[in-house]
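When a ligand or atom number is given, it counts from 1 through the structure's own listing order. Nothing fancy with the numbering, it's 1 onward along the sequence. As the structure is a computational prediction, the values presented were derived from the model and not from experiment.
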Amino acid sequence: MVLKGVIFDLDGVLTDTAEFHFRAWQDLGEKIDISFDRAFNENLKGISRMDSLDRILEHGGKKDVYSIEEKESLAKEKNDDYVELIKEITPADILPGVKKFLDDCREAGLKLGLASASKNGPAILKNLGLTDYFEVVVDPASLTNGKPDPEIFLKGAELLGLDPSECVGVEDAEAGIASINSAGMFSVGVGSPESMKQADLFVEETIELDLDAIIKAHAARG
Ligand code: BG6
Ligand code: MG
């Protein structure tokens, strides 16, 4: 099988916004008296804004404390905080090796797509100066199911006009790897060996992303 497309997650793969999400949720957590650490935060990676809030409330034993309107207002508060943080993003915030990897993909004639759960994705791509690399950006608002459901990666492949087996997905979240795998795509993880156990291939840092190695591993899977 020849590789024709690469579908990227954004937060934690192209730039370290995963850290900004963590900070914004922690700030909100302080206001509602729920604390959580980085290990818990791993469970929020790749998860939509509202689902993340639900997980945090459950973690803090406050699952049924807030009405839907109150939860919407809490999610908005977090997002307002997050939007302030991402305003400062510039091309200098592209994670190490990512620009070269995108250039290598482009030179190899691969089609590139973005499959981020974030509604702030297009604004972040713009601040990073990476908008033009991506032929398609899946709109998370158009989806029924979030990661780990395969819908977002399947939609990315469909919009690129490719079969999932002709694509690889790149992710830093366990939910994201599960989404790629169940879409029938080859999964490339960025993260610790423990969190990337389900990935077909993984690197610990973005600087290690190597297109040739990925092309070979994807081909070897058949
Ligand atoms: C994902 C992040 O990319 O987007 C999650 O990993 C985040 O942490 C989700 O909750 C939704 O993002 P946003 O910007 O729409 O709140
Ligand atoms: Mg991510």
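- In this structure the side chain of D9 never reaches within 4.5 angstrom of the side chain of L14, judged on heavy atoms.
- Within a 6.0 Å radius of NZ in K62, other residues, nucleotides and ligands contribute more than 12 heavy atoms.
- The proximity of A117 to ligand 1, defined as any non-hydrogen pair under 4.0 Å, involves the side chain as well as the backbone.
- Clustering ILVMFWY residues whenever any of their side-chain heavy atoms sit less than 4.5 angstrom apart, transitively, puts L159 in a cluster other than the one holding L10.
- Shown in contact with K45 at under 4.0 Å from a heavy atom are these atoms of ligand 1, numbered in order with element: 6 (O).
- Note: an N/O pair closer than 3.5 Å links S118 and ligand 1 by distance alone.
- Under 4.0 Å from ligand 1, not a single heavy atom of T17 appears.
- Interface of S52 with ligand 1, defined as ligand atoms under 4.0 Å from a residue heavy atom, comprises 10 (O).
- Between L154 and A183 the shortest heavy-atom distance is CD2-O, 3.6 Å.
- More than 12 non-hydrogen atoms from other residues, nucleotides or ligands lie less than 6.0 angstrom from CD of E204.
- The number of protein N, O or S atoms lying under 2.8 Å from the Mg ion (ligand 2) is 3.
- If you check which protein heavy atom lies closest to atom 16 (O) of ligand 1, you get R49 NE, 2.7 Å.
- In this structure, a donor-acceptor pair under 3.5 Å is absent between the side chains of N127 and D93.
- Of the protein's non-hydrogen atoms, I47 O, 3.2 Å is the one closest to atom 7 (C) of ligand 1.
- For the pair N79 and ligand 1, the shortest N or O to N or O distance does not fall below 3.5 Å.
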Extract all donor-acceptor atom pairs below 3.5 Å that involve side chains of residues 129-137 and protein atoms in other chains or at least two apart in sequence.
{"residue": "T131", "atom": "OG1", "partner": "K126", "partner atom": "N", "Å": "3.4"}
{"residue": "Y133", "atom": "OH", "partner": "D103", "partner atom": "OD1", "Å": "2.6"}

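- Of all protein heavy atoms, the one closest to atom 8 (O) of ligand 1 is L44 O, 3.5 Å.
- Put simply, the side chain of V190 does not reach to within 4.5 Å of the side chain of L95, judged on heavy atoms.
- Which of E171, K147, H21, K119 comes nearest to atom 15 (O) of ligand 1 through a heavy atom is settled by distance: it is K119.
- Screening residues 148-173 for salt bridge (charged side-chain N to carboxylate O under 4.0 Å, His left out), with sequence neighbours left out, gives K4-E166, K147-E171.
- Under the 30°/60° scheme for interplanar angles, the aromatic rings of F101 and F8 are found to stand perpendicular.
- With H21 as the partner, the side chain to side chain donor-acceptor pair (under 3.5 Å) test is satisfied by one option alone out of R49, K45, Q26, K78: K78.
- Residue, atom and distance of the protein heavy atom nearest to atom 6 (O) of ligand 1 are G46 N, 2.7 Å.
- Listed by atom number, the atoms of ligand 1 under 4.0 Å from N120 heavy atoms are 13 (P), 14 (O).
- When only non-hydrogen protein atoms are considered, atom 1 (C) of ligand 1 lies nearest to D11 OD2, 3.3 Å.
- When every heavy atom of S187 is checked against every heavy atom of N181, the shortest pair comes out as OG-OD1, 2.7 Å.
- Note on ligand 1: S116 sits in its first shell, one or more heavy atoms being nearer than 4.0 Å.
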Side-chain donor-acceptor pairs of residues 205-215 under 3.5 Å, sequence neighbours excluded:
{"residue": "T206", "atom": "OG1", "partner": "P96", "partner atom": "O", "Å": "2.7"}
{"residue": "E208", "atom": "OE2", "partner": "E205", "partner atom": "N", "Å": "3.0"}
{"residue": "D210", "atom": "OD1", "partner": "D212", "partner atom": "N", "Å": "3.1"}
{"residue": "D210", "atom": "OD1", "partner": "A213", "partner atom": "N", "Å": "3.4"}

